[in-house]
Asker: 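Questions regarding the structure given below will be posed in turn.
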Amino acid sequence: MNDQEEYIEYIKGRKSSFKRNFYKESLKEIESLKEKFPDRKPRILLHACCVVCACWPMDFLADAFDITLIYNNPNIWPKEEYDHRLSELKRYLHERWNDQIGLIVTEYNGQEYMDSLAFGKDDPEGWKRCFFCYEKRMDEAFRYADENGFDYFTTVMTFSRQKDSQKLNEIGLKLQQKYQNTKYFVSDFKKADGQRRSNEICDAYNLYKQNYCGCIFSFR
Ligand code: SF4
């Protein structure tokens, strides 16, 4: 099977109804927390790519978890855009959360990162270049969670309708094998009207909504 045929099969699979319901699974996991952590809220490290995708997942998780965000996004090009998305995230954390939610910002190595994506420069968005990109950023963030005593790790990327939640959760569960101290929290943040809730928050705080995913290839 060549790459194009493989892609077509993948897209057909995305439309199939045989999928795990990660949203229901996430609710079940939340239900189990009181028993697992009777004396405290578990700590979760939440990978956030931008405030648009992060604002609703933060509301979704805040009652059950002690949240810290990690902004690990060298995929965002150019640097001015990376800085702007970060400053909007910080503004929101200040205005909505009184800076009560921690934020870890990792190193920006945009050029090196774009070079690593170049193998898939002609891929449609949501194909192998993106799978590589999801996994690389999630892997680094998961490692941070594992090394710094977080009980859970997850990513807000399942919020995006352009991103395949099945694939993202598959990656998270695979990485779980590497990072034994921290549990991967499965999610599908776009469910339960996530898009509408995010829109409402973005409008209320006048948040910046970018019109491309991040890398130079998606920008073009
Ligand atoms: S389109 Fe988005 S997810 Fe895909 S490679 Fe570019 S930045 Fe990464």
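Every number for a ligand or one of its atoms is a count from 1 in the order of the listing. Numbering of residues begins at 1 and proceeds along the displayed sequence.
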Asker: Does Leu207 reach the side chain of Tyr92, with side-chain heavy atoms less than 4.5 Å apart?
Answerer: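 Yes, their side chains come closer than 4.5 Å.
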Asker: For ligand 1, which atoms, with element, lie under 4.0 Å from some heavy atom of Tyr134?
Answerer: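 Atoms satisfying the 4.0 Å criterion: 3 (S).
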Asker: Look at atom 2 (Fe) of ligand 1 and find which of Ser160, Cys213, Cys215 reaches it with the closest heavy atom.
Answerer: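 The option holding the nearest heavy atom is Cys213.
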Asker: Below 4.0 angstrom from a heavy atom of Arg129, which ligand 1 atoms are there? Numbered from 1 as shown, please.
Answerer: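 Ligand 1 atoms under the 4.0 Å threshold to Arg129: 1 (S), 5 (S), 6 (Fe).
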Asker: Using a cut-off of strictly less than 2.8 Å, determine whether Cys130 has an N/O/S atom near atom 8 (Fe) of ligand 1.
Answerer: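 Cys130 does not place any N, O or S atom closer than 2.8 Å to atom 8 (Fe) of ligand 1.
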Asker: Do Phe185 and Phe65 have their ring centres less than 6.0 Å from each other?
Answerer: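 Between Phe185 and Phe65, the centre distance is under 6.0 Å.
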Asker: List every atom of ligand 1 that sits less than 4.0 Å from any heavy atom of Cys133, numbering the atoms from 1 in the order shown and giving each element.
Answerer: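 Counting from 1, the qualifying ligand atoms are 3 (S), 5 (S), 8 (Fe).
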Asker: Any chance you could lay out the salt bridge (Lys or Arg N to Asp or Glu O under 4.0 Å) test for Asp3 and Lys128, step after step, and finish with the verdict?
Answerer: CA-CA 10 Å; Asp3 198 57; Lys128 289 182 180 173; 3.0 Å; yes
Asker: Between Glu170 and Lys174, is the salt bridge (Lys or Arg N to Asp or Glu O under 4.0 Å) condition met? List the steps.
Answerer: CA-CA 6 Å; Glu170 184 189 301; Lys174 184 180 90 177; over 6 Å; no
Asker: Is there a donor-acceptor pair under 3.5 Å between the side chain of Asn72 and the backbone N or O of Val105?
Answerer: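 No, the answer is negative, given that no donor and acceptor are paired below the 3.5 Å cut-off.
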